[in-house]
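Positions are given from 1 along the sequence. Read the numbers this way: they start at 1 and go in the same order the structure lists the ligands and their atoms.
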Amino acid sequence: MSELNKIALNIISNGKGILAADESTGTMTKRLEAVNVKSNEENRLNFRKTLFTSESMKKCIGGVILYDETIKQTYENKTIPELINESGALPGIKVDTGAKSLAGSPDEKITEGLDGLRERLKKYYKLGARFTKWRGVYTISDKFPSKLSVHSNAHALGRYAALVQECEMVPIVEPEVLMEGKHSAKVCYEKTSEVIKKCFEELILNKVDLTGVILKPNMILDGINSKNKVNSEQIAELTLKCLKESVPQEVPGIAFLSGGQSEIEATENLNLINKTNSSKFIMTYSYGRALQQGALKHWSKDIKDSSGTQKVFNNRANLCSLAAQGKWSRDLEI
Ligand code: 13P
């Protein structure tokens, strides 16, 4: 077993998943302002350290993805990576610098951040990071994703993953096919399959050790504006079919993004995926909104109420962990 494979398994095994707390300052500001909290450095840290010191971290969270600001912050004389390590989880870091308009197809996005990445990775490793994240985004329409967007984003993910492994960290490879649009789940399945296959083609070309990678995909869903909605059973079936056909066997695990699903939807769908998972891949969560939404809402009403906020977070993290083992049921939702 390679060291990278050990790290990857450590993060996602035994009903553990990933807390994606790597919102850029711009995104975090949107999230905080939506609940009428001022977005300043202190408040961003206050909310995040409340989550990182929760009881459920020990049992449910194997890794936390941080943003550049947070990995450099301290709380009670401990660095945030030290705080996360204390709970038994590993600190990770988002290393892309965001999705920008793609020259040649300006209505699509290409993720930037390769320039100077090797040097930044070395610094993040020294700060305690043991895994990283890079997100490529794809929209679906009658023309999109274009071949150019599928190719360019996969190319960037391949180069990113190779650089990260060179620095002895596990790359989370996140190709996100967005749920915006009127498309059917069948189209989402086709486009997601194309995108994931292309990513692995590039990872292999870049000699990435696939046993030391975690894939972070979207689930197969209807577009948000689609008239016909598939049910959770069909979501699980299409998602599993797509991943079995597109992901090389060596990959140890898959940690889904929630992508705008509600907390309960994301939990229920993950549970069904695990109940019917006949592949050897571990299937777990790497949720941002679907782990934080309720906790953020509670916290925003009284930002001094850490224990109440932690209760809400612990409940959601426990339910997600049950779903990662196929042991969740609707009557556990209060
Ligand atoms: P969501 O679960 O809110 O989609 O966030 C996950 C993530 O890390 C997006 O890059």
Margin query: Going by salt bridge (Lys or Arg N to Asp or Glu O under 4.0 Å), name the residues that satisfy it together with K72, two or more places apart in sequence or in a different chain.
Written below: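 By the salt bridge (Lys or Arg N to Asp or Glu O under 4.0 Å) rule, K72 matches D68.
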Next item on the list: First locate atom OG of S329, then atom CD of E268, and finally report the distance between them rounded to the nearest 0.5 Å.
Entry: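 CD of E268 is found 10.5 Å from OG of S329.
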Next item on the list: Select all protein residues for which some heavy-atom-to-ligand 1 distance is less than 4.0 Å, and list them by chain and number.
Entry: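 Near ligand 1, by chain and number: A20, D22, K133, R135, E174, K216, L257, S258, G259, S286, Y287, G288, R289.
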Note to self: Just so I know, are the side chains of L66 and K94 near enough to count as touching, which here means a heavy-atom distance under 4.5 Å?
What the structure shows: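 The answer is no, as the side chains (C-beta and beyond) never meet within the 4.5 Å cut-off.
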Salt bridge between [X] and [Y], side-chain N to carboxylate O under 4.0 Å?
X    : Y    : answer
E3   : K6   : yes
K186 : E190 : yes
E201 : K198 : yes

